[in-house]
Amino acid sequence: MTKYQAALRKLAFSTILLAIPLDLALAQDASAVADRLKALSAKQGIDIGWSKVTGDASNMVIEGFSARAAGESDAFEIGNVTLSDVTEQNGGYLVGRLTTAPFSMAEDGMEIDISPFVVEGLSIPADSTDPMSSITMYRNASLDNLSVKIAGKTAFALDGMAFQAAPPEGGQPMTFSGAIEKFSTDLTVISDPQVRSYFDALGYSQLDGFINLAGSWQPADGRWLVSRYDIAINDVGTLGMTVDVSGFTPGVLQKLNETSARMAETPDGTDTADQKELLRQLENATFNGASLRFTDDSLTNRAVGMVAAQQRAKPADVITMAKAALPLAMMQFQMGELAGAISPAINAFLDDPRNVEIVLAPPSPVTFGRISEVSTATPGDSAATTNALWTLLGVKVDANQ
């Protein structure tokens, strides 16, 4: 799959449209627009350009729009970007609708097709020293469909991607939600015979599912709460995640963007001073909690059946062997003392594979700096490190709850 990596990077890079500041596109002087927009985007590690801007201050087209991530040699050619129903708002602007042109590319046997990306209610603050002025928000963003074909087969496709957001007002947090109605991937395009054989043994030739997410961000204390992030795959299972952290205020996010942009421009990506600055910005942020939950939809029984077939054993025997091997495996990784906290949940899940969940709930918010200290306090004793982190983060493993 190596020959497809460049094309896939270009595809993933299309998501920069959610982050590019477009406020300067409303200026009348196209040359001044280009200079200032390049400077602002460069701080976020994005080098952008276009051929020309046509229209007026309320409706315009940015023609030949392209973007390049810092450290990358090739730019992603986005094409024309249309801004309509543009009005002034508190010294800045409100773009009623932003639309990209449909995108198609064929390269090295791969075909990519992307429908127009649409953003509605794009609020662009006036330029100021306020860190919030560097954050562009929107009401709705959507993409009808995307497909990637390899040798004529649809290797990946998604339909109905949509995001909604309500800006922070009156001291209330910004809230957001999103979904991908359907995604699918054809596993028969995998060229590695060993990988293909595993999927065949599990009985999978194609995977399809959906994604839902929701959360909030409070600029005052920088609290990011991802209350839901579910990736559901039919006949496999649902992986659900939650994350709760604080300290990611607009000012901190701005500094993180600037530092990350400088690091991306470093040839080998290892500028020690910038790495230390990045860690310094993060050390006072706090971790409030997180969870990772897997709800089974036949994957576990398929995996047990596959192993049983390979070993010419009964599925019940495979489960018994797995239960017996778990404590030994934990001892091998010097986690023996935690077996009593983990084994009961894993055993219960193997007996009745409904769901298993890892919950991190520290007794009180803990800074990332403190987590770093604990993780490096006993470098020669991984068991002590694991136990200390387990206690600090309040880790708990449950099954079938």
Side-chain angles (χ1 to χ4, degrees), residues 1 3-20 65 67 69 76-82 97-122 138-165 176-191 195-196 199 202 204-215 226-243 292-295 297-299:
M1 299 294 287
K3 67 179 182 179
Y4 302 125
Q5 290 178 349
L8 286 173
R9 283 198 300 270
K10 291 181 180 180
L11 172 61
F13 189 49
S14 65
T15 58
I16 63 171
L17 285 173
L18 287 174
I20 294 175
F65 195 97
F76 181 67
E77 303 295 337
I78 296 170
N80 292 353
V81 176
T82 301
R97 187 181 179 90
L98 178 150
T99 309
T100 68
F103 174 82
S104 295
M105 182 184 73
E107 182 177 317
D108 294 332
M110 173 183 285
E111 300 174 38
I112 298 174
D113 289 289
I114 307 174
S115 66
F117 182 72
V118 179
V119 179
E120 296 176 312
L122 184 66
Y138 59 88
R139 188 177 68 251
N140 298 299
S142 61
L143 181 73
D144 286 343
N145 51 70
L146 175 154
S147 69
V148 179
K149 292 183 178 180
I150 298 176
K153 293 184 177 182
T154 302
F156 177 78
L158 66 80
D159 297 287
M161 183 174 73
F163 299 94
Q164 302 80 38
F176 58 88
S177 61
I180 294 177
E181 292 181 1
K182 180 182 179 180
F183 67 84
S184 61
T185 180
D186 186 345
L187 301 177
T188 64
V189 302
I190 297 175
S191 58
V195 175
R196 276 284 304 279
F199 283 115
L202 289 170
Y204 295 124
S205 60
Q206 178 170 317
L207 299 177
D208 57 82
F210 60 90
I211 297 175
N212 284 313
L213 65 91
V226 179
S227 56
R228 181 181 186 184
Y229 196 114
D230 292 342
I231 304 173
I233 303 178
N234 297 326
D235 296 323
V236 175
T238 299
L239 186 65
M241 296 167 278
T242 67
V243 178
L292 181 65
R293 180 185 181 92
F294 176 71
T295 302
D297 187 15
S298 83
L299 174 63

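The shown structure was predicted, so the numbers you read here are calculated from the model rather than taken from an experiment. In this chain, numbering begins with 1 at the start of the sequence shown.
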By side chain to side chain donor-acceptor pair (under 3.5 Å), which residues pair with [X], not counting sequence neighbours?
| X | value |
| --- | --- |
| S115 | none |
| S184 | none |
| S227 | none |
| D159 | none |

Rounded at 0.5 Å granularity, tell me how far [atom1] in [X] sits from [atom2] in [Y].
| X | Y | atom1 | atom2 | answer |
| --- | --- | --- | --- | --- |
| Q206 | T188 | CD | OG1 | 8.5 Å |
| I112 | E107 | CD1 | CD | 8.0 Å |
| F103 | E77 | CZ | CD | 8.5 Å |
| F294 | L239 | CZ | CG | 8.0 Å |
| K182 | I211 | NZ | CD1 | 14.0 Å |
| L98 | Y138 | CG | OH | 12.0 Å |

Pairing residues for [X] by the side chain to side chain contact (heavy atoms under 4.5 Å, CB included) criterion, not counting sequence neighbours:
| X | answer |
| --- | --- |
| T238 | D230, A232, T295 |
| L207 | T185, L187, Y204, I233, V236 |
| N234 | D208 |

Determine yes or no for a side-chain-to-main-chain donor-acceptor pair under 3.5 angstrom, with D297 supplying the side chain and D235 the backbone.
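Flag set: sc D297 to bb D235 pair under 3.5 Å.
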I'd like to know whether F176 forms a side chain to side chain contact (heavy atoms under 4.5 Å, CB included) with F163, so could you lay out the CA-CA distance, the side-chain angles of the two residues, the decisive distance to 0.1 Å, and finally the verdict.
CA-CA 7 Å; F176 58 88; F163 299 94; over 6 Å; no
Within the structure provided, determine whether M241 and V226 are in side-chain contact (heavy-atom separation under 4.5 Å).
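No, every pair of side-chain atoms sits at 4.5 Å or beyond.
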Can you tell me which residue pairs pass the salt bridge (charged side-chain N to carboxylate O under 4.0 Å, His left out) test with a partner in residues 110-122, sequence neighbours excluded?
R97-E120
Taking all non-hydrogen atoms of both residues into account, name the closest pair between A155 and V189 and its distance.
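Nearest heavy atoms, A155 then V189: CB-CG2, 3.9 Å.
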For residues 139-151, please give each side-chain donor-acceptor pair under 3.5 Å, one per line with the distance, not counting sequence neighbours.
none

Using ring-ring contact (aromatic ring centres under 6.0 Å, His included) as the criterion, list what pairs up with Y229, not counting sequence neighbours.
none
